[in-house]
Structure formats: structure tokens, C-alpha cells
Amino acid sequence: FMNQALKNIGVNVVAMTKANFSAAAKTVKTSSSYTRCVWDVKFGNVDLCIGDFWETPERRNLTTFTSPIDSDVFSLYTARNPQSITPDFDPKQFLEIFLPFDNSVWIILAAFIASASLVLRVVEGPADPADK
């Protein structure tokens, strides 16, 4: 819908993917397609990049950014159990993070991650040698 609406008012929209980054941006040594898009802005090949990517110092040095529409906040909260707090570090405490789940859950999770990784590898193909 939005693509058609922009075309109706004469705005040319091109979705940038790994397949159509400019030759200049492909020479940049980065594994991030978001950073590559910012390089295309710097080179003047595109006017702007729209996406859910973070404003990193590297990207900020390449071009200007607008104010974000949304921002991510990561927090981790846990319940404090006074009985489980010991003054000395016990290596067994390291393994206690795995106790809430049964072993079969961890096996299923590992199998899912391995199969998803394999599917992504097949779908996306091998890494671009220029990114190394």
C-alpha cells in the first residue's frame, strides 16, 4: 500500500537488499546490511534508510540521523531469594540457571536452533567473501 501511495505522488522507492546495494557500498568491510545502507546514504546513492536499526557510533560518523520513532530498552528482573544467596561463589550455582526446564526442553531447543541455522544457511547462501 505505502509503496503504491508514494509512487502516486512521484516518489521512487527502492528496497535495498543484499542483491542491490551499490558497488561502492559492497566494497565496505562490514557484515551488517544496515551499516551498508548507511554507507549508501553517505555515498549519495540513496536519500535515506528506513529500518529498525540502532544508531551506532560507526553509523553516526557516516551520516546524520533523525530522532528515533521508537527505542528499545532491555531489562532483566529476577526475584530475590534470600536462602539462595551465599557469601562465596559456588560453581554449582552456574548450572542452576538451567534447572527451570527439563532436559528434553533443552534438547528440543538445541535441535530447533540447529535446524533454523541450517535453513538460513541454505536460503541465504554462503557469506559474501568481501565481508571477511
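Because the structure is predicted, anything quoted here is derived from the model rather than measured.
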So does Tyr77 have more than 12 non-hydrogen atoms from other groups sitting under 6.0 Å from OH?
-> no
Measure the spacing between NZ of Lys42 and OG1 of Thr63 and express it to the nearest 0.5 Å.
-> 8.0 Å
Would you please name every residue forming a ring pair (Phe, Tyr, Trp, His ring centres under 6.0 Å) with Phe65, sequence neighbours left out?
-> none
Mind checking whether Cys37 and Thr35 have side chains closer than 4.5 Å, heavy atoms only?
-> no
Glu55 meets the side chain to side chain donor-acceptor pair (under 3.5 Å) criterion, sequence neighbours left out, with Arg60
Closest non-hydrogen atoms of Cys49 and Val41, given as atom of the first, atom of the second and distance, are SG-CG2, 3.6 Å
Is the CG atom of Asn8 crowded by more than 12 outside heavy atoms at less than 6.0 Å?
-> yes
What's the spacing between Trp39 CH2 and Arg59 CZ if we round to 0.5 Å?
-> 12.5 Å
Indicate if Trp106 and Ile113 have the same hydrophobic cluster label, given that clusters are the connected sets of ILVMFWY residues with side-chain heavy-atom separations under 4.5 angstrom.
-> yes
Take atom CG of Asn61 as the centre, draw a 6.0 Å sphere, and report whether it contains more than 12 heavy atoms from other residues, nucleotides or ligands.
-> yes
How many angstroms lie between CD1 in Ile108 and CZ in Phe101, if you round to the nearest 0.5 Å?
-> 12.0 Å
